[in-house]
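Written below as structure tokens is the structure these notes are about.
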Amino acid sequence: MRTDADATDPHRKSGSAPRVIHTGQALVDLIVEVPDLPARGQNVMASSANRYAGGAVTVLLAAARLGGGCVHAGAVGTGPNGDLIRAMLAADGIAASAPPVPDRDTGVCVVMVELTAERTFVTTLGAERHITVDSLATAGVEPGDLVCVTGYSLAVGRTRDPLLAWLADLPDEAVVVLDPGAAFAGLPVEVRERMLARTDVWTGNAEESADLLAVLDIATHGPDAESAIAAHARALAPLMRAGAVAVVRDGAAGCAVHANGETFSIPGFPQTPVDTNGAGDTHTGALLAAIAAGSPWPDACRRANAAAAIKVTRRGPTTAPTAAEVDAFLRDRS
């Protein structure tokens, strides 16, 4: 798997670094802060309500703010929600490669955030599900580009079928990054196997990773001193393409990465969170920006841990830090 930004490739534009290309759903997050979730059939008063561009946008914003060249290859609607998505992407210099979907607006994800920063979601389906092989192809994927796929795309036939068909025709040297989400472990066996067979990088949280290994009945027994997430990363890597990398996140505890035959545990930076919405996506975006710039996997994971730690101290999914903020955060902790 090639992820070195300095590698020479005759198919890549001269001097250009790999891009971060996201195929997933760009949604509008309607975030309401509540003291706790209401009982079924009851009501609760929210202390605030705000609209943000979320979903795939959160990953791309984090990658762009940490120096990555970014493209959104998914579908964006026509209407106020789609306008918000396009404006947010454009503000950070992120290209939206596919033309707008006519006569249909982008969907909404209602996010209820409790005082503990725990989140509960309700998602609608809109223009973001109207992708085709041709619309995805507008991204012009080149060898070395980092192509992000979310398990939620694979959970709905309207996005799953064109996505899998398009992935099959990518350049062999394109790096496919799977963010499994909660949906992946429960997908039909043939869908999971087909996706894993083209995956070069797994980046999921501890629960998502454990769920897949449990479904596959794969036991993880690492060295006595090895953490559970390190054992999971080691067990996940062989399920994918040769040379694949597995990153497993565990919130404030940090993450583990299995790359080039070695497993590394990368400590996190515990913070007092005010909003964890988008923390995992921020971690993924920061990780891929560092890899696109040529960083080794352990170093990229440390920067991703720092970016996610900063993000949870800020409200809203689109509050990823800049490269300068991450640099300062890490200097203070060196």
Side-chain angles (χ1 to χ4, degrees), residues 24-59 61-62 74-88 101 103-130 150-159 179-187 204-208 210-211 249-252 270-284 308-320:
Q25 290 74 57
L27 293 159
V28 169
D29 283 354
L30 173 58
I31 299 180
V32 292
E33 294 185 315
V34 296
D36 49 39
L37 296 182
R40 185 176 183 184
Q42 300 302 308
N43 182 55
V44 66
M45 295 297 179
S47 60
S48 69
N50 293 284
R51 292 171 73 247
Y52 300 92
V57 176
T58 308
V59 177
L61 288 181
V76 180
T78 303
N81 292 341
D83 291 345
L84 177 60
I85 298 292
R86 279 185 290 274
M88 183 61 71
V101 177
D103 304 321
R104 187 179 295 269
D105 204 359
T106 291
V108 173
C109 180
V110 179
V111 186
M112 291 171 281
V113 182
E114 300 173 68
L115 294 177
T116 61
E118 185 57 72
R119 304 153 298 151
T120 304
F121 307 91
V122 179
T123 304
T124 68
L125 303 180
E128 73 285 346
R129 292 288 175 178
H130 286 253
T150 169
Y152 295 108
S153 294
L154 302 168
V156 177
R158 185 70 183 77
T159 43
D179 182 349
F184 190 76
L187 294 176
N205 65 33
E207 183 177 1
E208 295 158 356
D211 284 349
R249 306 184 301 272
D250 192 15
Q271 307 290 307
T272 301
V274 298
D275 182 8
T276 59
N277 186 35
D281 288 341
T282 296
H283 191 282
T284 297
I310 296 170
K311 188 268 154 270
V312 300
T313 66
R314 302 170 174 178
R315 284 183 166 83
T318 56
T319 51

- Of all the heavy-atom pairs spanning G181 and Y152, show the shortest one and how long it is. CA-CE1, 3.8 Å
- Query: Has the side chain of R129 got a donor or acceptor atom that lies under 3.5 Å from a matching backbone atom of R158?
  - Reply: no
- Message: For the backbone of E114 and the side chain of D36, can you confirm whether one donor and one acceptor N or O come within less than 3.5 Å of each other?
- Response: no
- Item | Shortest non-hydrogen separation from P180 to E208 and the atoms involved | CG-OE1, 3.7 Å
- Item | Any donor-acceptor N or O pair under 3.5 Å, side chains E118, T276 | no
- Message: Just so I know, are the side chains of V101 and E128 near enough to count as touching, which here means a heavy-atom distance under 4.5 Å?
- Response: no
- Message: Taking atom CD as the centre, does E207 end up with more than 12 heavy-atom neighbours from other residues, nucleotides or ligands that are less than 6.0 angstrom away?
- Response: no
- Heavy-atom closest contact (A62 atom, D281 atom, distance): CB-O, 4.5 Å
- Inter-residue atom distance D275.CG - T313.OG1, 0.5 Å rounding: 10.0 Å
- Query: Are the side chain of R86 and the backbone of G77 linked by a donor-acceptor contact shorter than 3.5 Å?
  - Reply: yes
- Note on the structure: Rounded to the nearest 0.5 Å, the CG atom of L27 sits from the CG atom of L84 at a distance of 11.0 Å
- Item | Donor-acceptor pair, side chain of S153 and main chain of G24, under 3.5 angstrom | no
- Out of curiosity, T150 OG1 to F184 CZ, how far, rounded to the nearest 0.5 Å? 10.5 Å
- Side-chain contact, heavy-atom cut-off 4.5 Å: I31 with P317? yes
- Side-chain heavy-atom pair T318, D29 within 4.5 angstrom cut-off: no
- Message: Are Q25 and T159 packed together at the side-chain level, in the sense that at least one heavy-atom pair is separated by less than 4.5 angstrom?
- Response: yes
- Item | Close side-chain approach of V28 to I85, heavy-atom, < 4.5 Å | yes
- Message: Are the side chains of N277 and R315 in contact, using a 4.5 Å heavy-atom criterion?
- Response: no
- Measure across A127 and A75 and return the closest heavy-atom pair with its distance rounded to 0.1 Å. O-CB, 3.3 Å
- Item | Contact summary for T124 and G107, nearest pair of heavy atoms | OG1-CA, 3.5 Å
- Query: Between OG1 of T120 and CG of L37, what distance do you get to the nearest 0.5 Å?
  - Reply: 4.0 Å
- Message: Using every non-hydrogen atom in the two residues, find where P38 and V44 come nearest and quote the distance to one decimal.
- Response: CD-CG1, 3.6 Å
- Nearest-0.5 Å distance that lies between atom CG in N205 and atom CG in D250: 8.5 Å
Which donor-acceptor pairs under 3.5 Å do side chains of residues 47-59 form with protein atoms, sequence neighbours excluded?
from, atom 1, to, atom 2, distance (Å)
S47, OG, E33, O, 3.4
S48, OG, E33, OE1, 2.8
R51, NH2, N81, OD1, 2.7

- Item | Separation between CG of L187 and CG of L154, rounded to the nearest 0.5 Å | 6.0 Å
